[in-house]
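Working notes, beginning with the structure itself.
In what follows, chains carry the letters A, B, and so on, assigned in the order in which the sequence lines appear, proteins first and then strands, with residues in each chain numbered from 1.
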2 protein chains.
Amino acid sequence: MELSNKQITVIFKALCDENRVQIFRILQHGELCACHLLEELHLSQPTLSHHMKVLCDSGLVVGRKEGKWMHYSISPEGAKVAMDCLKEITAVTENDCKCCNNQ
Amino acid sequence: MELSNKQITVIFKALCDENRVQIFRILQHGELCACHLLEELHLSQPTLSHHMKVLCDSGLVVGRKEGKWMHYSISPEGAKVAMDCLKEITAVTENDCKCCNNQ
DNA sequence: CACACACATAGAAAAATGTCAATATGTTTT
DNA sequence: AAAACATATTGACATTTTTCTATGTGTGTG
């Protein structure tokens, strides 16, 4: 995979805002269009649109256009990438301290 | 577990900054004190200290004080919490669209 | 074709975050 | 006890992010 530091930050920015976390909770019940998401959030329409862009950029959410509606859903593929990335970045290859005279 | 939206953002803020991601990469080779981390990063000492606080607050990194040194390491327990959290928040319970006349 | 609707974009203001220099705190050494 | 060292905290500033209003774009409808 070999994601850059920058790419990793883009993925996890999805989960760095309370409103976006709430959007995940709502989308867990299934795909939903922006107008219905908006009903459940105390946000203006442009603000929601901004958050959906951040979420789609992360790959954790995908949008599907259907006429004038945008349907958003959680991406299992994106989730897998994020999981693999998290696992990789928190994996410890060695545990001994080589620092400050090995104290 | 039942983490709040706020708590989730605190966990994943750890991975929302390129320098912090780089710190994970460095800590993967084992526990390290702040002064040695500083050598490998183009940051001032107070800035590093700030990032280490964010990382410790996330639970993904733990600090261990040894005399005047602070030794930091990746926390496998914290990593597990983050993984479980990511898995939970991206889990989809239903996949059908109940939105906009089920289009 | 004009209008209504769903959503995106632009631009500006406010809030949060990242950064550094200066200083404080706590620990070890001389 | 004083000096040196490692790290944390404070305060200021710059950048980024969040948010809104206003407006634009594309789609369907009367």
Side-chain angles (χ1 to χ4, degrees), chain A residues 5-24 26-27 31-58 61-73 97-103, chain B residues 5-24 26-27 31-58 61-73 97-103:
Chain A
N5 291 357
K6 176 68 182 172
Q7 289 175 308
I8 291 174
T9 66
V10 171
I11 292 174
F12 291 103
K13 273 199 170 67
L15 294 163
C16 281
D17 176 274
E18 292 187 54
N19 284 315
R20 290 197 292 265
V21 173
Q22 188 58 35
I23 290 169
F24 276 98
I26 297 169
L27 289 181
E31 192 185 53
L32 217 60
C33 69
C35 56
H36 284 154
L37 274 170
L38 192 55
E39 287 172 8
E40 307 206 32
L41 295 161
H42 300 166
L43 291 175
S44 69
Q45 180 270 319
T47 299
L48 175 62
S49 189
H50 161 72
H51 284 307
M52 298 320 293
K53 177 160 171 43
V54 174
L55 289 172
C56 290
D57 287 348
S58 80
V61 168
V62 286
R64 179 174 68 83
K65 185 158 183 170
E66 182 111 7
K68 54 181 170 176
W69 291 283
M70 268 309 278
H71 295 251
Y72 292 103
S73 57
C97 181
K98 297 170 215 57
C99 163
C100 305
N101 300 321
N102 210 24
Q103 297 257 322
Chain B
N5 291 359
K6 175 66 181 172
Q7 289 174 308
I8 292 173
T9 66
V10 171
I11 291 173
F12 292 103
K13 272 198 171 69
L15 294 162
C16 281
D17 177 271
E18 292 187 56
N19 283 315
R20 290 198 291 266
V21 173
Q22 188 59 34
I23 291 169
F24 275 99
I26 297 170
L27 290 181
E31 192 186 51
L32 217 58
C33 69
C35 56
H36 285 153
L37 274 169
L38 191 55
E39 288 173 6
E40 306 206 33
L41 295 161
H42 301 164
L43 290 176
S44 69
Q45 179 270 319
T47 299
L48 175 61
S49 189
H50 161 72
H51 284 308
M52 297 321 292
K53 178 161 171 42
V54 173
L55 290 172
C56 289
D57 286 349
S58 79
V61 168
V62 285
R64 178 174 68 83
K65 185 158 183 170
E66 182 112 6
K68 54 183 172 177
W69 291 283
M70 268 307 280
H71 295 251
Y72 292 103
S73 57
C97 182
K98 296 168 214 60
C99 164
C100 305
N101 301 320
N102 210 25
Q103 296 257 327

Between A/Ala14 and A/Arg20, what is the shortest heavy-atom contact and its length?
-> O-CB, 3.3 Å
Test salt bridge (charged side-chain N to carboxylate O under 4.0 Å, His left out) applied to A/Lys68 - qualifying residues, sequence neighbours left out = none
Within residues 12-24 of chain A, residues whose heavy atoms come under 4.0 Å of DNA chain D | A/Lys13, A/Asp17, A/Asn19, A/Arg20
Length of the line joining A/Glu66:CD and D/dG26:C1', which is rounded to integer Å = 15 Å
Round to a whole Å and report the spacing from CG of B/Leu37 to P of D/dT7.
-> 9 Å
Round to a whole Å and report the spacing from CE of B/Met70 to C1' of D/dT7.
-> 9 Å
Would you indicate, yes or no, if C/dT19 has its OP1 or OP2 atom less than 4.0 angstrom from a side-chain nitrogen or oxygen of B/His51?
-> yes
Quick one, which residues of residues 40-47 of chain B touch DNA chain D with a heavy atom under 4.0 Å?
-> B/Gln45, B/Pro46
Could you check how far NE2 of A/His36 sits from C1' of C/dC7, rounded to whole Å?
-> 14 Å
What nucleotide, of D/dT7, D/dG26, C/dC7, holds the atom closest to the side chain of B/Cys35?
-> D/dT7
Mind checking side-chain hydrogen bond (donor to acceptor under 3.5 Å, both in side chains) for A/Asn19 and listing every partner two or more places apart, or none if nothing turns up?
-> none
Under the disulfide (SG to SG under 2.5 Å) test, which residues partner A/Cys16, sequence neighbours left out?
-> B/Cys16
Specify the separation, in whole Å, of atom CG of B/Leu38 and atom P of D/dA6.
-> 10 Å
Contacts of A/Tyr72 that satisfy ring-ring contact (aromatic ring centres under 6.0 Å, His included) - sequence neighbours left out = none
Considering residues at least two apart in sequence or located in another chain, which fulfil the side-chain contact (heavy atoms from CB on, under 4.5 Å) criterion with A/Thr9?
-> A/Lys6, A/Lys13, B/Glu18, B/Val21
Which residues satisfy the side-chain hydrogen bond (donor to acceptor under 3.5 Å, both in side chains) test with A/Asn5, sequence neighbours excluded?
-> B/Gln22, B/Arg25
Using distance only, find each side-chain donor-acceptor pair of residues 40-50 of chain B under 3.5 Å and give its atom names and separation, not counting sequence neighbours.
| unit_1 | atom_1 | unit_2 | atom_2 | d |
| --- | --- | --- | --- | --- |
| B/Ser44 | OG | B/Thr47 | N | 3.3 |
| B/Ser44 | OG | B/Thr47 | OG1 | 2.9 |

Between C/dT17 (P) and B/Asp57 (CG): distance, integer Å = 11 Å
How far does NE2 of A/His51 sit from CG of A/Asp17, to the nearest 0.5 angstrom?
-> 4.5 Å
Per nearest nucleotide of DNA chain C, the residue lying toward the 5' end, B/Leu48 or A/Ser49, is A/Ser49
Candidate nucleotides C/dT9, D/dT7, D/dT27, ranked by approach to the side chain of A/Lys68 - the nearest | D/dT27
Find the distance B/Tyr72:OH to D/dA6:P and express it as a whole number of Å.
-> 14 Å
Closest listed nucleotide, where the reference is the side chain of B/His50 and the choices are D/dT19, D/dT7, C/dG18 | C/dG18
Between A/Lys53 (NZ) and D/dT19 (C1'), how many Å, whole number?
-> 17 Å
